[in-house]
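Structure first, commentary second.
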Protein chains: 2
Amino acid sequence: MTSPPQRNPRRTDALSRERIVEAAVEILDTAGEEGLTVRAVTARLATGRGAIYHHVAGKDELLAAAAEDVIGRVTAHPGDDDPRRAIRALALGVFDAIDAHPWVGAQLSREPFQPAVLGIWTSLGVHLRRLGARGAALSEAGSALVNYVLGAAAQHAAGARRAPDDAARRAYLERLAARWARHDADAAVQESAALLAGHDDREQFLAGVDIFLTGVVHRPISGG
Amino acid sequence: MTSPPQRNPRRTDALSRERIVEAAVEILDTAGEEGLTVRAVTARLATGRGAIYHHVAGKDELLAAAAEDVIGRVTAHPGDDDPRRAIRALALGVFDAIDAHPWVGAQLSREPFQPAVLGIWTSLGVHLRRLGARGAALSEAGSALVNYVLGAAAQHAAGARRAPDDAARRAYLERLAARWARHDADAAVQESAALLAGHDDREQFLAGVDIFLTGVVHRPISGG
DNA sequence: ACACAGTTGGACCGGCGGTCCAATCTAGGG
DNA sequence: CCCTAGATTGGACCGCCGGTCCAACTGTGT
């Protein structure tokens, strides 16, 4: 009769929810969303699943906490005196965070009003209010801006996953533009396809923020 | 020596990629994205995995084809004479499609420029061009509007998954608004939280479309 | 010193996407 | 009409997944 197989000795440096979330962010940054498994986290921290599930309810909560960790750093600090500049800076901060951590793009689409999304809402809402938006108009403007930011970030993130470096990205966009132009002869498609390969996501994103700001300022207040 | 277990007899009604995609859409509509497994599709069609993988490369392709099937019906038909009304109708068509099929919201965030996304781009681009946008300005306007539509649809879809009927949705939003208001005393948060439970996603979505259209029309052309 | 709660490590479970192979059917060519 | 090759089908099997459960150990409080 053999004794049960001996376990690895117990760790001396205690785990914590913060360390587990940090390990998850590292794995997500290097291997993407598909690379994040609970087993990968246990391997990285040299521990067992019981330890992970003791600190985190499950994989979904781990992902949400990781996204909140990344977005929290963007929305944490105060903005500019000028609300337009502050909005631009904040939006760009979210975009850059998602450029650096593409997996956040998909994660923010997973749950409505999750802490990271609420953080973005709050940060932008403060400045929209300083821009003059009130009540229902504030709600509509906030919704439009946050949803645009999330939408653009998600598409950019999807692109970043597809082509991780600039050369690969340009090549991919050139092939796509050629296919798109061939598939549809419409003038709008031809013009957009022609510009697709060379465009800069960040510049285009900012242009969208400006379109929004122009719209908010020029749009008549409806029942506000 | 026993003979190998006998297989179910072969089907008489032949499968096709279209039938498989249709079955996938039905499963997604009833059980959501988590309910779509290749096994669920084999059960629904009373077939084996070999048959599925013969027609479809994998689960990802199945999801993409299902999303294209749904969005294709929206972008297929021609629009209004008035470009603003056509844009509004198209955007609302996408929103309603995603309201009816919430899983499409997440799927559109998964791949940049997938056929369904290009379809939305093309349809909106046609009318943005009629509105006067050209070249880089057309590209920027299209990007802004498409990304807003996708972002809003994704968030709405996430909400629809969370609370499938209106009563559950209102209750959920009331709880969330209370928590949000309690967590942050800022005036923008208090105002937005107060309006959260009662707001209509569809109305708010259209308000956002109007903000972007106003921005497109009023924004000075930059290097166009 | 003892007891209890918190933390840890890993065996085990059912289901997953996907591969591979044998069997069957259909279409085309001789 | 027959034969062959390719297309289509059905399901066994694989490794990995998220998650549960349980035993062992450690630290804290009485």
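The chains referred to below are lettered A, B, ... by the order of the sequence lines, with proteins before strands, and numbering in each begins at 1.
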- Message: Run the side chain to side chain contact (heavy atoms under 4.5 Å, CB included) test against Ala181(B) and tell me which residues pass, sequence neighbours left out.
- Response: Gln190(B), Ala193(B)
- For Leu15(B) and dT24(C), give me the distance from atom CG to atom P, rounded to whole Å. 18 Å
- For Ser143(A) and Trp121(A), run side-chain hydrogen bond (donor to acceptor under 3.5 Å, both in side chains): C-alpha distance rounded to whole Å, both residues' side-chain angles, the deciding distance at 0.1 Å, then the answer. CA-CA 8 Å; Ser143(A) 167; Trp121(A) 240 106; over 6 Å; no
- Message: Quick check: do Leu196(A) and Phe113(B) have side-chain heavy atoms less than 4.5 Å from each other?
- Response: yes
- Could you identify which residues of residues 53-60 of chain A place a heavy atom less than 4.0 Å from some atom of DNA chain D, listed by residue number, or say none? Tyr53(A), Gly58(A), Lys59(A)
- Between Arg10(B) and Gly50(B), which has a closest nucleotide on DNA chain D that is more 5'? Arg10(B)
- Please name all residues satisfying side chain to side chain donor-acceptor pair (under 3.5 Å) with Glu26(B), sequence neighbours left out, ordered by chain then number. Arg44(B)
- Contacts of Ala91(A) that satisfy side chain to side chain contact (heavy atoms under 4.5 Å, CB included) - sequence neighbours left out: Val149(A), Phe205(A), Val209(A)
For residues 48-64 of chain A, which side-chain donor-acceptor pairs fall under 3.5 Å, sequence neighbours excluded?
| from | atom 1 | to | atom 2 | distance (Å) |
| --- | --- | --- | --- | --- |
| Lys59(A) | NZ | Leu36(A) | O | 3.0 |
| Glu61(A) | OE2 | Arg17(A) | NH1 | 2.6 |

- Query: Hey, what do you get for CD1 (Ile87(A)) to CG (Leu145(A)), rounding to the nearest 0.5 Å?
  - Reply: 6.5 Å
- Task: Working to the nearest 0.5 Å, report the span between CD of Gln114(A) and CG of Leu108(A).
- Result: 5.5 Å
Give me, pair by pair, the N or O atoms of the protein and of nucleotides 12-14 of chain C that are less than 3.5 Å apart, along with how far apart they are.
| from | atom 1 | to | atom 2 | distance (Å) |
| --- | --- | --- | --- | --- |
| dC12(C) | N4 | Arg49(A) | NH2 | 3.3 |

